[in-house]
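The next block holds one structure in the form of structure tokens; read it before the comments.
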Amino acid sequence: MNNYLDFKTNIDYIKLKEPAKIIKNGGIVVFPTETVYGIGVNGLNEKALKKLYEVKQRPLNKPISLLVNSIEMINQLTKNITKLEYALMKEFFPGPLTIILQKKDIVPDILTANSDTVGIRMPSNKVTLKLIEYAGVPIATPSANLSGKPTGTNFKDVIKDFDGKADYFIDGKISKTGTASTIVKVTNGIPHILRQGPITEEQIKNVYNKCYNITI
């Protein structure tokens, strides 16, 4: 297979510069994260985002989250971040948490289904973090499966769906959790779990209690 990188046993991060360049220039790359395999594009490139929706067969009314590698990048993309939202990111980033924040105009509307909020996640997988670093842009990344099919945790399954559709593939180990991230949104100062994942409601509540010095 052309444009294939085997990272199952021998990881050379410098080799990620090639797929990172593809992402920056509007291409599609499949890569491992600590949750599931992702399929990603430049999250600020509207043309690339349209292509991603088409390849995934994903309805345009379903938003896609952004993967980032720093708080600085988050501040470039979002605004009005509250004390609790910062506390949640401090506790769980990098890791399997997606937090819904108010977006800035730099984030394309197609990514958020015309909403004024965007999902943000900082993965703990070093391959993913390096990919973001080398690309220099946030990576719009849904799970690497066709819409309606099981989430992609095994590279062989991912290939079946996207061979000939993605521009580059990074083959890593089977994901650690095999479960998509927990999604949380803070509304009126209260955290709400929109999708349950590896991070539990109790863990979220503990951060809330610490943030506001609440003891039970």
Side-chain angles (χ1 to χ4, degrees), residues 1-8 16 19-20 22-23 26-43 45-68 94-100 108 110-113 115 118-132 135 137-185 193-199:
M1 180 191 296
N2 294 327
N3 296 331
Y4 167 81
L5 192 57
D6 187 349
F7 265 28
K8 294 192 297 296
L16 292 172
I22 289 173
I23 288 174
I28 298 178
V29 176
V30 170
F31 55 91
T33 76
E34 78 278 18
T35 54
V36 297
Y37 271 90
I39 180 167
V41 301
N42 182 340
N45 185 320
E46 187 170 343
K47 185 177 179 180
L49 289 165
K50 288 179 180 177
K51 186 178 178 182
L52 178 60
Y53 271 99
E54 291 172 3
V55 166
K56 273 271 298 179
Q57 299 174 15
R58 186 181 181 93
L60 288 172
N61 63 356
K62 291 187 67 175
I64 295 175
S65 296
L66 291 174
L67 297 186
V68 301
L97 178 79
T98 298
I99 187 166
I100 307 298
I110 186 175
L111 180 81
T112 65
S115 169
V118 61
I120 298 289
R121 188 165 92 81
M122 188 186 298
S124 62
N125 184 288
K126 291 182 180 179
V127 171
T128 314
L129 289 172
K130 275 293 181 184
L131 196 61
I132 300 166
V137 294
I139 303 179
T141 313
S143 58
N145 60 291
L146 296 177
S147 291
K149 286 192 173 184
T151 304
T153 58
N154 186 292
F155 187 74
K156 291 181 180 179
D157 296 332
V158 172
I159 284 290
K160 291 178 183 178
D161 285 342
F162 297 109
D163 189 15
K165 299 176 183 177
D167 300 298
Y168 204 100
F169 293 84
I170 302 171
D171 185 359
K173 297 179 180 178
I174 295 176
S175 58
K176 290 181 179 179
T177 66
T179 305
S181 64
T182 298
I183 299 178
V184 65
K185 181 178 183 181
I193 292 179
L194 305 184
R195 181 181 71 195
Q196 185 62 66
I199 294 173

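- Note: M122 CE to L129 CG = 7.5 Å, rounded to the nearest 0.5 Å.
- Remark: the backbone N or O of N145 is paired with a side-chain donor or acceptor of K56 at under 3.5 angstrom.
- With rounding to the nearest 0.5 angstrom, the OG1 atom of T112 is 9.5 Å from the CG atom of L66.
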Verdict with reasoning, Y4 to I159, per side chain to side chain contact (heavy atoms under 4.5 Å, CB included): CA-CA 11 Å; Y4 167 81; I159 284 290; 5.7 Å; no
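- For the pair G26 and N45, the tightest heavy-atom approach, listed with the atom from each and the gap, is CA-ND2, 3.8 Å.
- Within the model, atoms OG1 of T33 and CG of N125 stand 6.5 Å from one another, a figure rounded to the nearest 0.5 Å.
- Smallest separation of non-hydrogen atoms from A113 and L60: CB-O, 3.6 Å.
- Side-chain atoms of D167 come within 3.5 Å of backbone N or O of I28 as a donor-acceptor pair.
- Under a cut-off of 6.0 angstrom, the local environment of NZ in K160 is sparse, with at most 12 non-hydrogen atoms contributed by other residues, nucleotides or ligands.
- Qualifying side-chain hydrogen bond (donor to acceptor under 3.5 Å, both in side chains) partners for K51, counting only residues two or more places apart in sequence or in other chains: none.
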Verdict with reasoning, F31 to I139, per side chain to side chain contact (heavy atoms under 4.5 Å, CB included): CA-CA 11 Å; F31 55 91; I139 303 179; 4.1 Å; yes
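- Side-chain atoms of T179 do not come within 3.5 Å of backbone N or O of G197 as any donor-acceptor pair.
- Nearest approach of I23 to V41, heavy atoms of both residues: CG2-C, 3.8 Å.
- A search for side-chain hydrogen bond (donor to acceptor under 3.5 Å, both in side chains) contacts involving S181 returns T98, R195, not counting sequence neighbours.
- When the side-chain hydrogen bond (donor to acceptor under 3.5 Å, both in side chains) test is applied to K149, the partners found at least two apart in sequence or on another chain are D161.
- For the pair P138/I132, no side-chain contact is recorded, criterion being any heavy-atom separation below 4.5 Å from C-beta on.
- Here the straight-line distance linking atom CG of L5 with atom CG of L131 works out to 10.0 Å at 0.5 Å rounding.
- The two residues I170 and Y37 make their nearest non-hydrogen contact at O-CE2, 3.6 Å.
- In this structure, the side chain of Y168 does not engage the main chain of A20 through any donor-acceptor pair within 3.5 Å.
- Taking both residues in full, the closest heavy atoms of Y53 and I110 are given as OH-O, 3.2 Å, listed atom of the first, atom of the second, then distance.
- With rounding to the nearest 0.5 angstrom, the CD1 atom of I64 is 4.5 Å from the CG atom of L52.
- At least one donor-acceptor pair under 3.5 Å links the side chain of T128 to the backbone N or O of P32.
- A distance-only check finds no donor-acceptor pair linking the side chain of R121 to the backbone of T182 [under 3.5 Å].
- Residues G43 and L111 come closest through the heavy atom pair O-CD2, 4.3 Å.
- Using bins of under 30°, 30° to 60° and over 60° for the plane-to-plane angle, the ring pair F155/F169 lands in the perpendicular bin.
- Atoms CD1 and CD1, from I183 and I120 in turn, are 12.0 Å apart once rounded to the nearest 0.5 Å.
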